[in-house]
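Below: one structure, written as structure tokens.
When reading the values below, keep in mind they use all heavy atoms of this one structure, side chains included, and skip hydrogens, waters and symmetry mates.
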Amino acid sequence: MCAIMGFSKKTLSVEELRPCFDRTLSRGPDMSRIVETPSGYLCFHRLAIMGLTEAGMQPFQLNGDYVVCNGEIYGFRPLKRQLEEKGYVFQSGSDCEILLPLFHEYGLSMFSRLDAEFAMIIYDSMSDSLIAARDPIGIRPLYYGYDRAGAIVFASEAKNLVGLCREIFPFPPGYYYAYGQFIRYADPAAVEEVSGDDEETACRNIRNKLIAGVDKRLDADAPLGFLLSGGLDSSLVCAISAVVLGRKIRTFAIGMDADAIDLRYAREAADFMGADHMEVYMTREEVLQSLEEVVALLGTWDITTIRASMGMYLCCKAIHARTDIRVLLTGEISDELFGYKYTDFAPTPEAFQAESQKRVRELHAYDVLRADRCISVNSLEARVPFGDLDFVKYVMSLDPRLKMNTHGIGKYLLRHAFENDHLLPERILWRQKAAFSDAVGHSMVDDLKAYAEEKYTDTEFAQLRRKYDYCPPFTKESLLYRELFEKYYPGQAQMIPDFWMPNRDWEGCQVNDPSARVLSNYGESGQ
């Protein structure tokens with residue numbers, strides 16, 4: 001991870017803007033630089049992952065243009081060779097050094113050519129203006145707002161813009177901003193043509209495309225690690241990685257000291273693949289003591305995101321403290337593609353597909369946000385193989401009838417795709433889905449809810465929730481989170497679209513808690 005920031009005008013001095021930029025120093029603790037352009041500034045905090053020498057430090061410059069980028073450009077080496085044949089000379093091993101040559105060659109069409117997860121800001125000397133862009137899923141964060149002079153400001157996180165901009169907006173994934181306009185260049189959730197592949201063909205393609213997505217994310221000059229919950233998604237990422245790398249991988253799992261569910265499954269999966277495995281235990285006291293810090297680093301009031309972040313944050317904190325790991329592969333984005341527990345209640349294939357599209361388009365505000373912040377605040381980089389663009393586009397194009405739960409178990413296509421590889425124990429491959437915030441131990445969510453119940457009387461809850469017109473809190477727990485959010489991001493609640501909840505329009509999903517535990521089909525998921 002790195003931190004970037006761009007100012008289109010010099011409303012502030014370098015001394016005035018630096019404290020705002022340094023709020024995300026943990027994203028890039030290795031080296032920092034602020035470059036003054038004729039009209040504004042570009043800022044960069046570096047976490048060195050590719051091209052570890054000082055030559056890989058940004059901003060990169062080419063003929064008066066500058067770029068700062070927080071991202072990974074997959075397959076950059078063949079692109080680099082093509083550019084060298086055109087006469088471009090490179091000084092580092094950094095993947096991001098190819099961006100300005102690509103801009104010079106292809107202009108604004110460069111963004112749709114990238115196989116990457118990125119947030120970038122380009123200073124275009126021809127127009128003396130900033131161009132910004134974000135990857136199609138929004139895996140890398142980017143926000144924007146307008147300062148007191150009306151100039152646009154871009155930043156990796158909302159916290160950089162608090163106090164600078166009256167209103168803070170998430171930069172929309174799959175868009176670029178140029179010459180005063182936001183233009184959509186990609187929408188991986190959209191389906192131009194439904195695939196005619198049958199179940200077996202679909203499974204073969206899912207297998208091959210996921211392996212390719214994992215493979216390209218193993219390219220790093222810094223040490224790699226893997227988050228392993230013991231569920232299907234993270235276990236597959238780990239098992240594929242172990243085979244591709246041909247060596248022992250380092251895996252990490254976390255659970256409550258009282259009733260960790262995932263830890264035993266994670267240990268079983270790690271032992272099966274011969275991983276160097278580390279377990280982290282968290283206590284009720286650690287969870288409650290970390291809550292405010294977690295809400296502050298996330299920049300959200302959403303119940304699901306905060307619950308699921310507690311374990312991830314504390315696990316990554318332990319990884320940072322105890323190891324030399326710099327890059328973590330994770331299992332996010334599978335649920336949005338193949339279904340949650342609640343999508344078992346989808347009334348039609350068309351409803352399933354529409355829900356999947358909605359969830360993919362909002363990933364940047366929920367699971368992807370969680371993974372980025374929990375990992376980056378601990379000076380680590382997240383990579384998400386299930387977010388591979390080729391993989392996402394293919395799974396989204398499949399006939400949704402194939403993705404619905406017609407086999408008595410969710411994510412059947414993904415399980416069946418790897419059934420004959422024997423990468424995992426059978427009971428891991430066919431284990432029922434359990435949400436991360438539940439599977440670290442049911443006591444964690446129970447502790448958070450109990451803490452909120454103790455904090456507010458019924459009268460206080462009724463009074464305080466009325467302060468909020470936008471997405472008003474509907475439980476004491478949600479009020480607790482909203483109050484903490486407003487402390488650090490006053491008046492910015494609109495950055496999050498809504499509470500992440502099952503689709504209440506579907507029969508069986510009229511629930512008042514986002515946990516899958518409240519659904520009638522939860523069954524053995526939490527055992």
Does [X] use its side chain to pair, donor to acceptor, with the backbone of [Y] at less than 3.5 Å?
X      : Y      : answer
His45  : Pro29  : no
Gln289 : Glu286 : no
Glu336 : Glu355 : no
Asn70  : Cys2   : yes
Arg140 : Asp372 : no
Tyr66  : Asp124 : no
Asn378 : Cys374 : yes
Thr475 : Ser478 : yes
Asp302 : Trp500 : yes
Asp135 : Phe118 : yes

Tell me if the [atom1] atom of [X] is crowded by more than 12 foreign heavy atoms within 6.0 Å.
X      : atom1 : answer
Glu16  : CD    : yes
Glu460 : CD    : yes
Lys455 : NZ    : no
Arg465 : CZ    : yes

Check whether the side chains of Tyr451 and Glu477 place a donor and an acceptor atom closer than 3.5 Å, and report yes or no.
->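 No pair is found: no donor N or O on one side chain lies under 3.5 Å from an acceptor on the other.
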When you check the side-chain N and O atoms of Glu279 and Tyr281, is any donor under 3.5 Å from an acceptor?
->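 Tyr281 and Glu279 do have a side-chain donor-acceptor pair below 3.5 Å.
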Should [X] and [Y] count as an ion pair when the cut-off is N to O under 4.0 Å?
X      : Y      : answer
Glu332 : Arg370 : yes
Arg166 : Asp147 : no
Glu381 : Arg383 : yes
Asp22  : Lys159 : no
Arg77  : Asp95  : no
Asp498 : Lys358 : no
Asp187 : Arg361 : yes
Arg27  : Glu157 : yes

So which atom in [X] and which in [Y] form the shortest heavy-atom distance, rounded to 0.1 Å?
X      : Y      : result
Val327 : Ala220 : CG2-CB, 4.2 Å
Pro170 : His364 : CB-CE1, 4.1 Å
Arg307 : Ser515 : NH1-CB, 3.7 Å
Leu130 : Gly6   : CD1-C, 3.8 Å
Ala48  : Ala222 : O-CB, 4.1 Å
Tyr179 : Ser127 : CE2-OG, 3.3 Å

Please determine if Lys476 forms a cation-pi arrangement with Tyr456, meaning its NZ or CZ atom is less than 6.0 Å from the six-membered ring centre and no more than 45° off the ring axis.
->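 Relative to the ring axis of Tyr456, which defines the angle, Lys476 lies outside at least one limit.
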Over-ring placement of Arg134 relative to Tyr176, 6.0 Å and 45° cut-offs |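 The answer is no, since Arg134 fails at least one limit relative to Tyr176.
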Between [X] and [Y], is any pair of side-chain heavy atoms under 4.5 Å apart?
X      : Y      : value
Asp388 : Lys209 : no
Arg250 : Thr323 : yes
Met310 : Val445 : no
Ile4   : Cys69  : no
Val237 : Asp233 : no
Gln357 : Met396 : yes
Leu480 : Leu291 : yes
Glu483 : Pro473 : no

With ring centroids as reference points, do Phe7 and Phe154 lie under 6.0 angstrom apart?
->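 No, ring centres 6.0 Å or more apart.
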Pick from Glu105, Lys80, His104: which one makes a side chain to side chain donor-acceptor pair (under 3.5 Å) with Tyr88?
->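 Passing option: Glu105.
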Hey, mind stepping through Phe111 and Tyr106 against ring pair (Phe, Tyr, Trp, His ring centres under 6.0 Å) and telling me if it holds?
-> CA-CA 9 Å; Phe111 304 118; Tyr106 302 109; over 10 Å; no
Would Glu84 and Phe90 count as a side-chain contact (heavy atoms from CB on, under 4.5 Å) if you check the C-alpha gap in whole Å, the side-chain angles of each, and the deciding distance to 0.1 Å?
-> CA-CA 8 Å; Glu84 286 173 331; Phe90 298 92; 3.7 Å; yes
Give the C-alpha distance, both sets of side-chain angles, the deciding distance and a yes or no for ring pair (Phe, Tyr, Trp, His ring centres under 6.0 Å) between Phe499 and Phe474.
-> CA-CA 10 Å; Phe499 289 102; Phe474 59 96; 4.9 Å; yes
Could you walk me through whether Leu328 and Leu224 pass the side-chain contact (heavy atoms from CB on, under 4.5 Å) test, one step at a time?
-> CA-CA 6 Å; Leu328 285 173; Leu224 284 166; over 6 Å; no
Could you go through the side-chain hydrogen bond (donor to acceptor under 3.5 Å, both in side chains) check for Ser229 and Ser234 one step at a time?
-> CA-CA 6 Å; Ser229 71; Ser234 64; 3.1 Å; yes
Verdict with reasoning, Tyr175 to Phe182, per ring pair (Phe, Tyr, Trp, His ring centres under 6.0 Å) = CA-CA 6 Å; Tyr175 279 73; Phe182 285 87; 7.0 Å; no
Go through Tyr481 and Glu292 one step at a time and tell me if the side-chain hydrogen bond (donor to acceptor under 3.5 Å, both in side chains) criterion holds.
-> CA-CA 8 Å; Tyr481 300 159; Glu292 182 168 341; over 6 Å; no
Where do Arg359 and Asp367 land on the salt bridge (Lys or Arg N to Asp or Glu O under 4.0 Å) test, with the steps shown first?
-> CA-CA 10 Å; Arg359 294 305 184 188; Asp367 277 12; over 6 Å; no
May I have the step-by-step check of salt bridge (Lys or Arg N to Asp or Glu O under 4.0 Å) for Arg326 and Asp30, ending in yes or no?
-> CA-CA 12 Å; Arg326 283 292 189 99; Asp30 295 340; 3.0 Å; yes
side-chain contact (heavy atoms from CB on, under 4.5 Å) between Phe461 and Glu453, worked out | CA-CA 9 Å; Phe461 168 67; Glu453 286 292 331; over 6 Å; no
Would you please test Lys449 and Glu454 for side-chain contact (heavy atoms from CB on, under 4.5 Å) and show each step?
-> CA-CA 9 Å; Lys449 292 168 78 170; Glu454 295 167 5; over 6 Å; no
Which class fits the ring pair Trp301 and Tyr470: parallel under 30°, tilted 30 to 60°, perpendicular over 60°?
->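 Ring orientation, 0 to 90° scale: perpendicular.
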